[in-house]
Amino acid sequence: MTKWGFYEAMRPTEIEAILENNPIVFLPWGALEYHGQHNPIGLDSIKAHHLCIDLAKQVGGLVMPAVNLAANLIKSYPGHGFKKHSIEFSEQLIKTICEEYLGQLAEQDVKIIVLLSGHAGEPHLQILKDVAAEFNKKNPDKFCWTFAEFEIVPDSLLVANHSALGETSLQLHYAENTVDLSVLPKDRPITLQLDAVSGEDPRSATASKGGQIAKVFVENATIEIQRLIKKYKSE
Ligand SMILES: [Zn+2]
């Protein structure tokens, strides 16, 4: 039976009942980062959290609160002046926090950790992957799958982007009232320098596009998680 729940909202017996059949924990890893004038600061966290919830509904497991801590934000892109509206942490701190999360999740009855990174700054994403690789070496009976949403969706639907068509569509899909496309300029191209957008023009973003991306993401991630469950559940 597919059972899922929010980790922070459950009592110990409820947590154990879920892990018994679905020993999966989802760890959405986001950021507080300037996403232009049209999107909220927590886009990466909101995106990762909702994608994890959609996945948990399919395969069961516990959804952790989003981690709102990230390194390598637009705040420190060389040559850009986006100093406000981001809270950036050091790479070393991200590494330590990730190690402590995974290390303590390993002490619980968890077999699979799905670490979904909503923020793809580098080396932030690579740090999370490196910590997971270490974890997997140390815990051969468990597996931490660490990735960003665009890695498992065809390029025709979604590529890595910052507050562009893909992210804005996902944000519209999951939290429409947090987006304001009307603040984007109407008379000139969208640029990274002026609008903090990297990728395709977000002015054509729609909730239904976001819904399509989310659907394909969930389908593809479900296949992978089911493969991991088969391999690790009984170990
Ligand atoms: Zn983002």
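Whatever order the structure lists ligands and atoms in, that order sets their numbers, starting from 1.
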Practice task
Compute whether any side-chain donor of one residue and acceptor of the other, for Glu91 and Asn72, lie under 3.5 angstrom apart.
Solution key: yes

Exercise for the section: Check whether the ring centres of Trp145 and Phe147 lie less than 6.0 Å apart, and answer yes or no. Expected result: yes

Identify all side-chain donor-acceptor contacts of residues 48-70 below 3.5 Å with residues at least two apart in sequence or on another chain.
{"unit_1": "His50", "atom_1": "ND1", "unit_2": "Ile46", "atom_2": "O", "d": "3.0"}
{"unit_1": "Asp54", "atom_1": "OD2", "unit_2": "Tyr174", "atom_2": "OH", "d": "2.5"}
{"unit_1": "Asn68", "atom_1": "OD1", "unit_2": "Ser45", "atom_2": "OG", "d": "2.5"}

Handout entry: Donor + acceptor pair across side chains of Gln126, Asp130 (<3.5 Å)
Key = yes

Handout entry: Linked, directly or transitively: Phe26 and Phe150 (ILVMFWY side chains, under 4.5 Å)
Key = yes

Handout entry: Single-linkage hydrophobic cluster Ile190~Leu170, side-chain heavy atoms < 4.5 angstrom
Key = no

Fill in the blank from the handout: Under 2.8 Å from the Zn ion (ligand 1), the protein N, O or S atoms found are His35 NE2, Asp44 OD1, Glu167 OE1, Glu167 OE2

